[in-house]
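Have a look at the structure below, then the notes.
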Number of protein chains: 2
Amino acid sequence: MEKQYNLSKNQKIILNLIVKSTEPLKAYSILYNVQKKGIKAPLQVYRALDKLVEIGKIHKIESRNAFIACQNSSCQISKATAFSICESCEKVSEISNSKLSKYLSNFTDEAGMKYNKYNLEFFGLCKKCKTS
Amino acid sequence: MEKQYNLSKNQKIILNLIVKSTEPLKAYSILYNVQKKGIKAPLQVYRALDKLVEIGKIHKIESRNAFIACQNSSCQISKATAFSICESCEKVSEISNSKLSKYLSNFTDEAGMKYNKYNLEFFGLCKKCKTS
DNA sequence: CTTATAAATGTTATATTATTACATAATGTT
DNA sequence: AACATTATGTAATAATATAACATTTATAAG
C-alpha cells in the first residue's frame, strides 16, 4: 500500500508548476513563477522542493541544479534515479529501465558494500540535436 | 599514446592541494587554502578546476559541489565516473569497476540512444559508520 | 474536543557557489 | 617575429542555498 501524502498549499503550487513544465526548473525560476500566488521567498521554494524530493514527486538533476517531476507512475523510486541529459538543448528525460535499476540497486563494490540509493546522469546528444 | 598536459602554475597548486586531501574539497575552501600562494579570487580557482576536470585530473562530486582527485592511474576516465558517498561521514571514494563501467558505457536506452558520458553517485553508509 | 506534537509557513538576513566582463601576460605554433 | 591560444589578474555581480526566529496550520493522542 502506497503511503498517502497530503501536500500543503505551497507544495501543491510548486509541484503543479514542475509537472506542467517540459524542462527542468531551477529554484529561482520557480520562485518568479509563483510570486503571484503568494510565495515570496527562496526559502519557501526550497522547503517545498526538499519535501517533494523526499517523497519522490520530483527529482533534482544534480549537474544542473534543476528539478523535474518524477515520470514513474508510482513515484516511489526516489532512491534509484537515472536521467539522460542532452548537452546541446539541455532536454532531460528520466530513464525507467528495470534491468538498469536492478543492476545498480544490486551493485556491490569491491569491499562488498551495497548502497541504498544512487543517482545516475547520462550525457549525450538527443535525437533532434544529433541530426541537426 | 596519452596526451601530455603541461599544467600551469595555478593548476598545479590547486591539483596538488586536492591530491593531498583525504576528502573532497569545495571551491572556496580551496581558495582559502591557496591565498598564501597568490591565488586571490574565486575565478582563478574555478578556472583551474574547470581545466583539471576537463583533462580528467579531478572530478566534481555533483551532489556535494566538491572536487576530488582522480583515483585511476591514467586519469583518462573523466567521461565515465562512479563514486560511493557515505551519507554519514561524507567520505567519498571513486569506484573503478570494469564491469560497471562497461555496462554503463554500453548502455542503450529504450530509444536506442547511446551516451558518451555518465556520472553515477551511490549513497549509503561506509564500513566505519555502519558499525558505529 | 482539547491538548500536545509535528509539519508547514512567513520573513529577514546572510552564506555559499559560480559567472560576466574586461585588461594583460605567458605559452605554443608556423 | 607574428599569430593564435591559453592562462592570469581583478572587480563586480549573479545564482544557488541556508540560518534563525516567530507564527500558524494540520495531525495524533488522550
Side-chain angles (χ1 to χ4, degrees), chain A residues 1 3-18 21 23-68 85 87 90 92 119 121, chain B residues 1 3-18 21 23-68 85 87 90 92 119 121:
Chain A
M1 198 60 167
K3 184 167 177 195
Q4 273 299 121
Y5 286 97
N6 297 314
L7 297 182
S8 73
K9 179 171 141 278
N10 289 0
Q11 288 159 10
K12 276 181 201 157
I13 292 172
I14 287 172
L15 177 57
N16 246 288
L17 185 71
I18 296 173
S21 171
E23 53 178 15
L25 295 179
K26 297 184 154 242
Y28 276 73
S29 136
I30 292 170
L31 177 59
Y32 299 137
N33 275 287
V34 297
Q35 277 179 330
K36 52 200 165 210
K37 301 210 171 173
I39 297 176
K40 290 174 194 159
L43 191 47
Q44 295 174 286
V45 172
Y46 281 105
R47 283 197 284 222
L49 289 173
D50 284 352
K51 185 68 184 184
L52 292 169
V53 165
E54 185 193 325
I55 65 178
K57 292 288 185 188
I58 64 173
H59 304 299
K60 182 172 187 181
I61 309 300
E62 293 286 356
S63 65
R64 300 298 187 259
N65 297 319
F67 300 83
I68 66 169
I85 303 172
E87 288 182 303
E90 292 294 324
V92 173
N119 179 55
E121 298 183 359
Chain B
M1 199 60 167
K3 185 168 176 193
Q4 273 300 120
Y5 286 98
N6 296 315
L7 297 182
S8 73
K9 178 173 141 274
N10 288 359
Q11 289 159 11
K12 277 181 203 158
I13 292 171
I14 287 172
L15 176 57
N16 244 288
L17 185 70
I18 296 173
S21 172
E23 54 178 15
L25 294 179
K26 297 185 154 239
Y28 276 72
S29 135
I30 292 169
L31 176 58
Y32 299 137
N33 274 287
V34 297
Q35 278 180 329
K36 53 200 163 208
K37 301 212 171 172
I39 296 176
K40 290 173 193 160
L43 189 48
Q44 296 174 286
V45 173
Y46 280 106
R47 284 198 285 223
L49 289 173
D50 284 352
K51 186 65 183 185
L52 292 170
V53 165
E54 185 195 325
I55 65 178
K57 291 290 184 187
I58 64 172
H59 305 299
K60 181 172 187 181
I61 308 301
E62 293 287 355
S63 65
R64 300 298 187 259
N65 298 319
F67 300 84
I68 65 167
I85 302 172
E87 288 182 302
E90 293 294 324
V92 173
N119 179 54
E121 297 182 359

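Numbered from 1 within each chain, the chains take letters A, B, ... in sequence-line order. What you see is a predicted model, and the numbers here were worked out from it, not measured in a lab. Worth knowing before you read on, the calculation uses all heavy atoms, side chains too, and leaves out hydrogens, waters and symmetry mates.
Between B:N10 and D:dA7 there is no side-chain polar atom (N or O) within less than 4.0 angstrom of OP1 or OP2. Applying the 4.0 Å criterion to OP1 and OP2 of D:dT8, one finds that B:Q44 has every side-chain N and O outside that range. A close approach under 4.0 Å does not occur between any side-chain nitrogen or oxygen of A:K51 and OP1 or OP2 of C:dA7. Between A:K60 and D:dT16, a side-chain N or O to OP1/OP2 separation shorter than 4.0 Å is absent. Residue B:N65 places no side-chain N or O under 4.0 Å from the OP1 or OP2 atom of D:dT16. A sub-4.0 Å separation between OP1 or OP2 of C:dG28 and a side-chain N or O of B:N6 is present. Side-chain N/O atoms of A:K26 include none lying less than 4.0 angstrom from OP1 or OP2 on C:dT17.
Residue side chain A:Y28 does not reach the base of D:dA14 through any donor-acceptor N/O pair under 3.5 Å, judged by distance alone.
Here the CD1 atom belonging to B:I58 is positioned 4.5 Å from the CG atom belonging to B:L49, to the nearest 0.5 angstrom. Separation of atoms CD (A:Q44) and CZ (A:R47) is listed at 6.5 Å; rounding is to 0.5 Å. Taking NZ from A:K60 and CG from A:L52, the interatomic distance works out to 13.5 Å, rounded to the nearest 0.5 Å.
Only one option out of A:V34, A:I30, A:N33 pairs with A:I39 in a side-chain contact (heavy atoms from CB on, under 4.5 Å); it is A:V34. The side-chain contact (heavy atoms from CB on, under 4.5 Å) test with A:L7 is passed by exactly one of A:I13, A:N16, A:I55: A:I55.
As rounded to whole Å, 11 Å separates atom P of D:dG9 from atom CD of B:Q11. The nearest whole Å value for the distance from the NZ atom in B:K9 to the P atom in C:dA25 is 14 Å. A straight line from CD of A:E62 to C1' of D:dA17 spans 13 Å, rounded to a whole angstrom. As a whole-Å value, the separation of B:I61 CD1 from C:dT17 C1' is 16 Å. Atom-to-atom, OH of B:Y46 to P of C:dT17 comes out at 7 Å; the value is rounded to the nearest Å. When the P atom of D:dT16 is taken as reference, atom CZ of A:F67 falls 10 Å away, rounded to whole Å. Taking atom CG of residue B:D50 and atom C1' of nucleotide C:dT20, one finds them 14 Å apart after rounding to whole Å. Summarising the geometry, the separation between CG on B:L31 and P on C:dT16 is reported as 13 Å, rounded to the nearest angstrom.
Here the closest heavy-atom approach between residue B:N6 and residue B:Q11 is recorded as O-OE1, 4.5 Å.
Sequence order on DNA chain D of the closest nucleotides to B:S8 and A:R64 puts B:S8 first from the 5' end. Residue whose closest nucleotide on DNA chain C sits further toward the 5' end, between A:P42 and A:R47: A:R47.
Note on the helix from C:dC1-D:dG30 to C:dT30-D:dA1: angle between the axes of the first and last five pairs equals 50°, rounded to 10 degrees.
The main-chain N or O of A:R64 is found under 3.5 Å from a side-chain atom of A:K26 such that the two form a donor-acceptor pair.
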* Pair B:N119-B:E62, side chain to side chain contact (heavy atoms under 4.5 Å, CB included): steps then yes or no -> CA-CA 9 Å; B:N119 179 54; B:E62 293 287 355; 4.0 Å; yes

